[in-house]
Structures are given as structure tokens and as C-alpha cells.
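One structure below.
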Amino acid sequence: MSCPNCFSGNIHQGTPRGEVTSLHGLQAYTTKPLNEDMRPRSVCCLQQKSCSIPADSQLGLSSPSMLTGMVPFMYYNTFGVTWPIIRDFFKSVRENEGAEVPIYGAGFCWGGKYIVNLAAGADTASNGKPLLNAGFTGHPSFLEIPSEIEKIRIPVSFALAEKDMVVKPPHIEQIKQVFLSESGTGKGEVVVYEGAGHGFCVRADFLQEDASRQADEAENQALAWFERY
């Protein structure tokens, strides 16, 4: 995550079923079907980066605290540095856990740029398969619009906020136009959430009207998109 809106919000209640493990050289949160005998039908990788202040990121940050986390994050996580790490991770997943099942990727804010680049399909695993079958991104950031959108070859679903300060209404229209063009047919969808701001998918403030509903709808959007593919 890379902006104040992705840090802010309330504590989200729930009981995790998975665990943090080492997966292909990275710390990853992994979970399995409730029925241990059930063979997984897919692999879903969630891309979302946290800084080194996890307690603050859960409880909501003041502006100075946000900057304390954001500045080092942005310094150490440029696209040139992190793209090979993420790309190679997906290659390893495709060659192992995802060799015979679909792989879906979801990226929020900072992670959205990587989903879009994975969906360009320029990289494949050693077995010749693409690194993704389908992707989803909520309120992405740092995208080069429309150039990176035009490179998409693997279907991506976008959940965008009407009042996003990063992907603004003119950008939203550009993304829509790419997908509406003949070359972009079937490569993506765009859903705009009215009144929502940046970060609404993962750090929704449930004290705000419609915030809980919109976060749930974005989750359902992702699941429906993955089920479609």
C-alpha cells in the first residue's frame, strides 16, 4: 500500500483461517479449503504491500505517521526493484501449485500496477503457461494510462472509486475506451463505485454510509470475475 487512504480505516473483525508461511522465497499468507480432502480448484494471489508499522496501519494513522511509513515504502519499492520479485514469484507459483489449475491475482493500490503488467502476458513460466488466468484490481495507483492498459492481453476487472485522487474520472474514461475498442474486446471490465474514495476496497471506514456495502460489492466483483474465467 502506498498512500494515506490505503492506511486509514477501522479495525476489521474476523478470524483468519490461514497462516503466514514462506512460499517461493517470500512471506505469504496461505489458506486451504475447509475440507482438507478437497483438491484446490485455483490459486489466488493477493498483492498488497504493508510498511514496517503494522500496528498503526490497522488502527489508522495521523498524517505524520502516514508519511513515516510512506516515504521509506516508496523509496524501497520502486517498480524497477519490485517487478522482478513479483514476476518471478508468479512464475514459481505457475510451475508448482498452479501448474494444473488457474491462477488469479488481486492487487490493491500499489499492487494494481503489477496485476496490469502481469496481464500483459509478456512473461510465461517454463511450462509455457501465462502467469495469470485473470486479474482484479481495486483503486490501482501508479498506472501509466492508457499505455499500460493497452498492453493488457489477459482479462482484468477494475473496481474504481468515483472520487479517487489517483485514478480520476478522465483516467476512468480512458480505461473504458481501451476496453471498448476492437483490440480491447473481452480484455476487461470497469465498475465505478459512486461516492467512494481511494482505498475503499481494503480500508473501508464502516462508519461512513455505503462503505461496507461497496467493499462487499467489490469483493463479489472479483470473485465473479475469477469464476467467469
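Closest approach of Phe89 to His24, counting heavy atoms only: CD1-CB, 4.1 Å. In plain terms, the two heavy atoms of Leu131 and Ala125 that are nearest each other are CD2-N, 3.6 Å. Scanning all heavy atoms of the two residues, the minimum distance from Val81 to Pro84 falls at O-CD, 3.5 Å. Nearest heavy-atom pair, Pro130 versus Arg94, reported as atom, atom and distance to 0.1 Å: O-NE, 2.7 Å.
Annotation: Phe79, atom CZ; neighbour count of heavy atoms from other residues, nucleotides and ligands within 6.0 Å is above 12. In this structure, Glu95 places its CD atom where more than 12 heavy-atom neighbours from other residues, nucleotides or ligands lie under 6.0 Å away.
In this view, Lys168 and Pro170, His171 satisfy the side-chain contact (heavy atoms from CB on, under 4.5 Å) rule, not counting sequence neighbours. By the salt bridge (Lys or Arg N to Asp or Glu O under 4.0 Å) test, Glu150 pairs with no residue at all, sequence neighbours left out.
Residue pairs meeting the side-chain hydrogen bond (donor to acceptor under 3.5 Å, both in side chains) criterion with at least one partner in residues 80-90, sequence neighbours excluded, are Thr82-Tyr114.
Under 3.5 Å, the side chains of His198 and Asp164 contain a donor-acceptor pair of N or O atoms. When only modelled atom types and interatomic distance are considered, Glu19 and Thr30 share no side-chain donor-acceptor pair under 3.5 Å.
At distances below 3.5 Å, at least one donor-acceptor pair connects side-chain atoms of Glu148 with backbone N or O atoms of Glu144. Of the possible polar contacts, one joining the Tyr104 side chain to the Phe226 backbone as a donor-acceptor pair under 3.5 Å is found.
Ring geometry for Tyr193 against Phe200 counts as tilted: the plane angle lies between 30° and 60°, on a 0 to 90° scale. Using cut-offs of 30° and 60° for the angle between ring planes, the Phe136 and Phe108 rings count as perpendicular.
Using a 4.0 Å cut-off between charged nitrogen and carboxylate oxygen, Arg213 and Asp216 do not count as a salt-bridge pair.
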